[in-house]
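Any value given below was found using the heavy atoms of this structure, including those in side chains, with hydrogens, waters and symmetry copies removed. Each chain gets a letter, A, B and so on, in the order the sequences are listed, and its residues count up from 1.
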Amino acid sequence: MHTFILRIKGAALDTAYVIDTLFTLFSITLIILMVPGFAMLEAGLVRTKNVSSVLTVNIMIYAVASMAFILIGYSLAFGELQSATMSKWAFFMFQMAFVGKAINIMSGGVGERAKLLPLALFTLIMGGIIYPLVVNISWGMDWIKDTVFDLNMVDLAGSTVIHSTGGWALLAAILVIGSRKGRYVNNQIRVIPASNIPLVVLGAMLLWIGWFGFNGGSVGSISTKEGADSVALTIFNTNIAGLAGAISAGIVTYTRYKLFDITMILNGALGGLVAITAGPHLYTLYDSLLIGLIGGVLVMVAVPLFDRFRIDDPVGALSVHLINGIWGTLAVGIFAANAAEGITFFNQLKGVVEIAVFVFTVSFAVIYAINKVIAFRATDEEQQQGLDVSECGLEAYPEFKRAI
Amino acid sequence: MHTFILRIKGAALDTAYVIDTLFTLFSITLIILMVPGFAMLEAGLVRTKNVSSVLTVNIMIYAVASMAFILIGYSLAFGELQSATMSKWAFFMFQMAFVGKAINIMSGGVGERAKLLPLALFTLIMGGIIYPLVVNISWGMDWIKDTVFDLNMVDLAGSTVIHSTGGWALLAAILVIGSRKGRYVNNQIRVIPASNIPLVVLGAMLLWIGWFGFNGGSVGSISTKEGADSVALTIFNTNIAGLAGAISAGIVTYTRYKLFDITMILNGALGGLVAITAGPHLYTLYDSLLIGLIGGVLVMVAVPLFDRFRIDDPVGALSVHLINGIWGTLAVGIFAANAAEGITFFNQLKGVVEIAVFVFTVSFAVIYAINKVIAFRATDEEQQQGLDVSECGLEAYPEFKRAI
Amino acid sequence: MHTFILRIKGAALDTAYVIDTLFTLFSITLIILMVPGFAMLEAGLVRTKNVSSVLTVNIMIYAVASMAFILIGYSLAFGELQSATMSKWAFFMFQMAFVGKAINIMSGGVGERAKLLPLALFTLIMGGIIYPLVVNISWGMDWIKDTVFDLNMVDLAGSTVIHSTGGWALLAAILVIGSRKGRYVNNQIRVIPASNIPLVVLGAMLLWIGWFGFNGGSVGSISTKEGADSVALTIFNTNIAGLAGAISAGIVTYTRYKLFDITMILNGALGGLVAITAGPHLYTLYDSLLIGLIGGVLVMVAVPLFDRFRIDDPVGALSVHLINGIWGTLAVGIFAANAAEGITFFNQLKGVVEIAVFVFTVSFAVIYAINKVIAFRATDEEQQQGLDVSECGLEAYPEFKRAI
């Protein structure tokens, strides 16, 4: 009988192992859908003359960052590859799927003027070292934490670890690389319209759907009743925040301009998604609604603010990812302070600041150093002609006659 | 021993709960892929000057309809949120994922002339009240049924509840809003070609794949052997009907024109998918094949018929969703009359008629009333210029020189 | 007690049945995402005047090949429909999802000059007979094997069975149909640029993600701890090979041209994915890395080679699928010779040669015969005008003014 009970228990554990592996593989697939998601979003937002270049950067990031994380970064973040509750290969790949996102955020914001080769170098260092260290002190085994940091913030799927991290690296990059040629001339801000709106919509929706894997998968286990409830609540709240961000951004854009600017509405949705990401497993429906509504408004407020400070970000990445990454991390301290011991507004704020200082400083130093060796910035002539020609030797839409 | 057996039974129930939650989350993801699916399909079918506007409407519908259903509609349809067999958040979100589809069908068919603000108002009422009432009398707890309706039709995933419902609302909207400027002039039907065929194909295929979640998820449980067989048969038959619809539409278009019109072939596939949706769990392979073949032919027959009656539907939504929604619901009464007690052709027909009367009447009244307050129809000048400028303030492809 | 134990065992077996059905449905969904994947990739790579035609061929293949396989091919490949370990409908549909891929490979390579009607005839024969026979001697019940072939190669998800099979059929087709008008003139190779790079990227990434279902699902079972590990390792290694192929192709294109040609980088990734497909469950991380790196280089070497021999393949299908299908099958004999009894380089080579002889011969005969009845090749005038007009009666982008 005893052996029999043990065997039954073993079988139940195996079932949990199997289900969590399957669930993680499902989540991985959704997250990797974010690769074409980011690619289409950015390809739609930039001018046609830079579309191939931006797409190439996106594919480069997926390849280089993933490889750097697998060969170097993972062990910095988590130590030896092991996993008791699911296949270690699923866990490994799940972690790998995250790394590119932080760099995508950075590359999008320096689009239309940053060159691929220095970006690839930065991707190698970010994916192999900087991001893994951030993960280590936030989600990892804390070998640094015990000696240096004491990071007690709650950040389920990376409002800070992914989105603010990418945002701080982007801010550092914009300071080094500068704005696009012709964007700010004589105290005027030149509006550069998105070149392909269907791609923007497709990309944003693929990101939105990918987020379900991002946040849901971060719960870690679906194989118990509590786990299943937590994962489902997480995905539900994630979606609510996206919906709310779209709605509040839509209301602001209509109120302000009597027009529905679909690029702002989608950035509002993405802002809501970023904001919910630190604690979707801890919120009620109405918390999530409010967090998302504020997220959408923050995007609408931040986009013109960054322009006023002459910080040129063609895809609105700072407004979506940095601002809402901060807001989302703090929101845990506001809405979920009683959800578990140790969740305080102060701890969340401390985490935001510590990661900010670390990522901004290190990224700035690395980007500055790379820039001394290989110039990040395409020349004015290259920018005028479009980076597709100088970087890729091909145009994105060679058969379509250009109107502007 | 007794306690032990109970614990084992509890574990088995938990496993079922976990698996059905995971399966529902998987289905939800596929259904939400239909948001970019509809968006790309419609963006490809309309003229470039209306592409941004159509895309904005699609995103608005996802946001407003989902939110209206969550905050108001769900409780009208199902009462208090609860679910014994899976996480209630998964069940909630699954139901939410359906609501936008019925409204997408309507908005697509009035594309290129309906304005966003009145559409948003209608979306609020449709998603918050009309659709939930339809769900209630069809799939819900029947609080209305016991006093008013006695709806005994079988409609697994909504041939009537989603597709005909959307179709009747569309017919009401077209009667109020009218056809596009310049579409019917001097007894002539002006053909307006689709502007972007790759988007049409992408959108249709995302819808097709999303349908697996729509129909498969509607079975409700995969966690027993019978459930797994039923879900797999449902998805298999769904796909067969789509394939068959594409083939029959392809044969008709080639026979009639000696050409393969890909937009008609895809509408044929979608027609087959709509037609199978009422009973994919009840059919044999050959039933599904026949239902899909007829679905494709019905689309080919209906599209010119609606034009003959001057009912202007730029995406063929009436032919795909209304006609095949009716056909699919009746098909259950033909092919599956013996599958379970109470399935009769008469009950199916009665369901079709009752929902038709209810949805058409209420939608007409609501659209008529909204139209008195905020005109639905863009002015001739706005239509001439394109709704992208008047509604969104941006063009979909600003850099491409227009040939027509 | 005995009955009780049996009931527990029954429940455990049912859980495995349920989980494997769910996993297979998940895999099917990913594989069918490859339908828009191939469609977008090819639509992006050909000229705008042939985009609708290429898209129509892709949808035709999905419809006709799947239907031929379901109604005829499956029983040739596997005999009576049955499945003990998962729902037979899931198994049936999984096998069906494969068939179109081999034909997509062929149709892509004869794009811009092959007509739809003869392609549909070939699809019928390939999907209904040729491919099922290849499956039978490789994965099936071996009714032919026992009398004719003795095929002992390991080919998990079809480096040979899908990719080389498609490649050999393509080579036969190119020999019969010839190159595009104007491609090779006066000893000059005219470069014909891809018309829509975002579609190329989107298509390649959808294929990449679909591959996880292709290879992962081919493991057959995820419902034990060993199965879960094997599936996760398979998907992990599949991804590694894709990343490595992109990286090596990127390095080669930059070294050779000082440019990053995104179409070559993506073909490199696809080459790596094809190469890993025969044995992703058998490799270490470093095996997979090396197999993928070589796969990417092989694409870069093969593309100009085929051009030198005047074999005109607008999408690079021979380099990606045929060459890497062979490389991938042989790689099992190199890297996994000790993984299980009977895996030898010789057996792998023998499998490659036998399938090559069978598929090339039969395909050539069939294509040659069809060509006598209905000419495969569009006339020079039709090619000049574009196949969209002659085949579909509509243009892909009618509103965009053409620059070339």
Flag the pair [X] / [Y] as yes when at least one side-chain heavy-atom distance between them is below 4.5 Å, and no otherwise.
| X | Y | value |
| --- | --- | --- |
| Thr224(C) | Asp14(A) | no |
| Phe236(C) | Phe91(A) | no |
| Val18(A) | Phe23(C) | no |
| Ile19(C) | Thr15(A) | yes |
| Thr234(C) | Trp89(A) | no |
| Leu199(C) | Tyr397(A) | no |
| Leu55(A) | Pro198(C) | yes |
| Val51(A) | Ile197(C) | no |

Item to complete: Quick one: list whatever passes side-chain contact (heavy atoms from CB on, under 4.5 Å) with Ala114(A), sequence neighbours left out.
Response: Val110(A), Leu119(A), Ile177(A), Phe376(A)
Between [X] and chain A, which part of the residue has a heavy atom less than 4.5 Å away: side chain, backbone, both or neither?
| X | result |
| --- | --- |
| Ile265(C) | side chain |
| Phe260(C) | both |
| Ile209(C) | side chain |
| Ala244(C) | both |

For the atom pair [atom1] ([X]) and [atom2] ([Y]), what is the distance rounded to the nearest 0.5 Å?
| X | Y | atom1 | atom2 | result |
| --- | --- | --- | --- | --- |
| Glu391(A) | Lys258(C) | CD | NZ | 13.0 Å |
| Leu289(C) | Met67(A) | CG | CE | 4.5 Å |
| Met96(A) | Ile240(C) | CE | CD1 | 7.0 Å |
| Thr21(A) | Lys225(C) | OG1 | NZ | 9.5 Å |
| Cys392(A) | Met264(C) | SG | CE | 14.0 Å |
| Ile262(C) | Ser53(A) | CD1 | OG | 10.0 Å |

Worksheet entry | Short side-chain to backbone donor-acceptor contact, Glu399(A) and Ser195(C), under 3.5 Å | no
Response to the item:
chain A shares the most heavy-atom pairs under 4.5 Å, among Thr48(C), Thr253(C), Val200(C), with Thr48(C)
Worksheet item: If you count heavy-atom pairs under 4.5 Å between each of Ala194(C), Gly216(C), Ala232(C) and chain A, which one has the most?
Response: Ala232(C)
Worksheet item: Is there a side chain to side chain contact (heavy atoms under 4.5 Å, CB included) between Trp208(C) and Ile32(A) once you walk through the steps?
Response: CA-CA 9 Å; Trp208(C) 192 323; Ile32(A) 296 180; 5.6 Å; no
Side chain, backbone, both or neither: which part of [X] has a non-hydrogen atom closer than 4.5 Å to chain C?
| X | answer |
| --- | --- |
| Val57(A) | neither |
| Met40(A) | side chain |
| Thr24(A) | neither |

Worksheet item: Hey, which of Asp388(A), Ile70(A), Leu202(A), Asp20(A) has the most heavy atom pairs under 4.5 Å with chain C?
Response: Ile70(A)
Worksheet item: What heavy-atom pair brings Ser66(A) and Leu243(C) nearest, and what distance separates the two atoms?
Response: CB-CD1, 3.6 Å
Fill in: Trace of the side chain to side chain contact (heavy atoms under 4.5 Å, CB included) decision for Phe26(A) with Leu22(C)
CA-CA 11 Å; Phe26(A) 166 62; Leu22(C) 174 55; over 6 Å; no
Worksheet entry | Worked check of side chain to side chain contact (heavy atoms under 4.5 Å, CB included) between Ile222(C) and Leu25(A) | CA-CA 11 Å; Ile222(C) 199 175; Leu25(A) 293 172; 4.1 Å; yes
Discussion item. As a quick check of understanding, evaluate side chain to side chain contact (heavy atoms under 4.5 Å, CB included) for Leu33(A) and Leu206(C), giving each step before the final call.
Written reply: CA-CA 8 Å; Leu33(A) 261 181; Leu206(C) 290 180; 4.2 Å; yes
